[in-house]
Amino acid sequence: MSNSITTVNPTTGETLETYALMDASQAKQIVEASHEAFLDWRLKPLEQRAKVVKAIGEALNANKDELAELMVEEMGKLPSQARQEVELCAGICDYTAKHGPTTLADEERNPSNGERGIVTYSPMGVIYGIQPWNFPAYQVVRYSIANIMAGNSVLLKHAENVTGSGLLLEKIYREAGLPENVFRTIIISHDVSDEVIAHKAVRGVTLTGSDGAGRKVAAKAAEHLKKTVLELGSNDAYLVLDDADLDVAVKTCVTGRVFNTGQTCVAAKRFVVTDANYEAFKERFVEKMKALKVGDPRSDDTDLGPMARVDLRDTLHDQVEESVRKGAKILCGGEKPSGKGAFYPVTVLDNVTPGQPAYDDELFGPVAALIRAKDDEDAMRIANDSRYGLGGGIISKDVKRATELASKYFDTGMVFINGFGVATPEMPFGGVKDSGYGREHGGFGMLEFVNVKSVIVVKE
């Protein structure tokens with residue numbers, strides 16, 4: 001087994017950097033240093049933690065260009081989207097700094113078995129995060145800032161191909177005033193990762209990734225009775241109902257499928273269109289998708305960059321080919337390019353039915369699945385006919401009805417109405433079914449890894 005990681009530019013295929021893997025004893029030393037840092041950090045007043053979190057947000061903005069450039073190099077993100085990602089990260093810091101002290105404040109209760117009760121949100125210890133490559137800054141900030149605000153210390157195992165981004169974030173946090181070892185990036189193998197999960201100082205584990213990875217990590221954590229938060233994949237359905245405005249539908253669905261080159265857990269992936277609109281939507285959707293240009297992310301006329309790695313591109317192509325073998329029809333794209341880089345054409349599949357990867361699985365790249373529904377009720381049935389449940393969308397002129405469908409019938413953690421969205425600091429983020437459990441954002445992430453402790457004063 002290799003004792004190093006080499007990062008590769010997915011646009012050019014050129015090697016970027018090589019990083020030495022830490023062995024188990026090095027990782028153990030960092031876990032223990034993280035625990036020691038926690039023992040001090042947990043005692044800092046909420047307002048002081050909030051000040052540091054606010055400073056991290058300012059430091060992210062100050063380092064926006066360097067961090068965005070590294071994301072372009074490591075995973076092929078468009079520069080404009082990379083800068084937006086850093087701005088979102090700074091927004092998360094601002095939100096957390098503003099709302100953290102009230103979210104985590106002690107609560108007074110009147111217990112029947114005492115004179116006074118206090119509910120206190122006590123930090124737990126070292127929280128270990130295993131994060132993916134598709135949003136190299138955001139995925140890290142999302143869980144780490146909430147836990148730093150809560151008084152925990154944080155470890156990061158980042159995806160190998162964005163190792164540089166993980167190390168740069170550690171540097172930014174530290175230079176913003178976060179005490180030494182409260183946030184550390186560890187460069188380790190999967191075997192050493194299992195040892196980190198087992199370490200007694202690690203009190204919680206959070207993973208963003210595939211449902212397969214989620215099962216493995218959750219099982220390993222469960223062996224040691226450690227809480228997990230899992231944000232896993234999805235094949236989000238966007239419903240184009242009978243009364244949909246087709247201009248809104250086409251614009252929303254194109255943006256929702258190709259944002260971040262389609263490599264987004266809450267991307268629009270299955271487009272469930274009722275009979276009334278199917279043919280018209282299909283024609284206009286394919287026309288817009290065909291017009292998009294795939295190329296060097298730094299070129300002004302590029303709409304989509306490469307996928308993050310060649311192996312991921314090849315897996316996506318295999319899913320397209322298997323779907324076609326099982327009856328799907330390619331309306332555009334679908335041919336794997338030769339040459340350097342991890343490029344894949346914008347692809348639309350028609351006649352998508354159960355049993356095909358395009359219907360059942362997550363296509364993590366610029367491939368759209370068109371699914372015909374008889375009517376609105378059938379569209380909702382198809383949307384929920386999935387083992388996943390992260391996000392989804394409804395396009396309808398009747399916003400009141402769409403809101404009711406979203407809140408009462410759509411079996412997902414997030415629903416967007418008449419538009420596409422990714423994440424915002426104010427609203428909870430997370431899923432159900434094979435998309436995982438637990439919530440981040442909206443204050444909920446700060447309460448995932450705390451000890452909700454009862455203190456009862458029996459007699460004053």
Side-chain angles (χ1 to χ4, degrees), residues 1-10 15-35 37 70-71 73-75 125-137 139-140 143-144 147 153-171 173 181 183-233 263 307-315 342 364 436:
M1 195 172 85
S2 174
N3 58 358
S4 65
I5 289 168
T6 299
T7 55
V8 174
N9 184 325
T15 296
L16 294 171
E17 293 285 344
T18 297
Y19 304 90
L21 283 170
M22 299 168 180
D23 62 24
S25 66
Q26 290 171 301
K28 185 182 175 194
Q29 284 176 347
I30 292 174
V31 172
E32 287 166 1
S34 180
H35 177 68
L70 186 53
M71 288 193 274
E73 286 200 339
E74 286 192 321
M75 57 81 54
V126 180
I127 305 303
Y128 177 42
I130 302 167
Q131 298 301 318
W133 45 263
N134 56 335
F135 291 92
Q139 302 284 15
V140 176
Y143 88 96
S144 65
N147 280 294
S153 60
V154 175
L155 296 176
L156 165 68
K157 179 189 184 297
H158 218 335
E160 291 188 1
N161 56 321
V162 292
T163 297
S165 295
L167 292 168
L168 179 55
L169 285 166
E170 180 185 319
K171 179 171 176 274
Y173 281 29
N181 294 316
F183 176 85
R184 289 293 301 270
T185 294
I186 49 177
I187 305 169
I188 55 175
S189 68
H190 292 301
D191 288 344
V192 174
S193 178
D194 286 348
E195 293 188 42
V196 170
I197 292 171
H199 195 291
K200 66 181 179 183
V202 172
R203 297 289 295 274
V205 182
T206 178
L207 172 133
T208 300
S210 69
D211 52 313
R215 283 184 172 84
K216 286 176 188 161
V217 167
K220 184 56 64 177
E223 272 181 45
H224 305 282
L225 296 179
K226 293 180 183 180
K227 183 182 179 183
T228 47
V229 167
L230 303 178
E231 198 276 278
L232 309 176
Q263 302 167 123
M307 290 181 60
R309 297 196 314 257
V310 169
D311 64 304
L312 298 167
R313 186 270 312 271
D314 292 349
T315 297
F364 212 64

Hey, mind stepping through Glu170 and Leu156 against side-chain contact (heavy atoms from CB on, under 4.5 Å) and telling me if it holds? CA-CA 9 Å; Glu170 180 185 319; Leu156 165 68; over 6 Å; no

Establish, from distance only, whether the side-chain atoms of Ser34 and Ser153 form a donor-acceptor pair under 3.5 Å. yes

Closest contact, heavy atoms only, Thr206 versus Gln131: O-NE2, 3.9 Å

Applying side-chain contact (heavy atoms from CB on, under 4.5 Å), run through Ile197 and Tyr128 and close with a yes or a no. CA-CA 7 Å; Ile197 292 171; Tyr128 177 42; 3.8 Å; yes

If you count every heavy atom of other residues, nucleotides or ligands that lies below 6.0 Å from Arg184 atom CZ, does the total exceed 12? yes

Could you tell me how the ring of Phe364 sits relative to the ring of Trp133: parallel (under 30°), tilted (30 to 60°) or perpendicular (over 60°)? perpendicular

Would you check, one step at a time, whether the test side-chain contact (heavy atoms from CB on, under 4.5 Å) holds for Phe135 with Thr208? CA-CA 11 Å; Phe135 291 92; Thr208 300; over 6 Å; no

Among Val205, Ile130, Leu207, Asp211, the one residue meeting side-chain contact (heavy atoms from CB on, under 4.5 Å) with Leu230: Leu207

Counting only heavy atoms not in Lys216, do more than 12 fall under 6.0 Å of its NZ? no

Criterion side-chain contact (heavy atoms from CB on, under 4.5 Å) on Val8 and Asn161, from CA distance to verdict: CA-CA 7 Å; Val8 174; Asn161 56 321; over 6 Å; no

Can you tell me if NE2 on His224 sees more than 12 non-hydrogen neighbours from other groups inside 6.0 Å? yes

Is a side-chain donor-acceptor pair under 3.5 Å present for Asp191 with Ser189? no

Check Tyr143 against Leu155 and note the closest heavy-atom contact, atom names and distance. OH-O, 2.7 Å

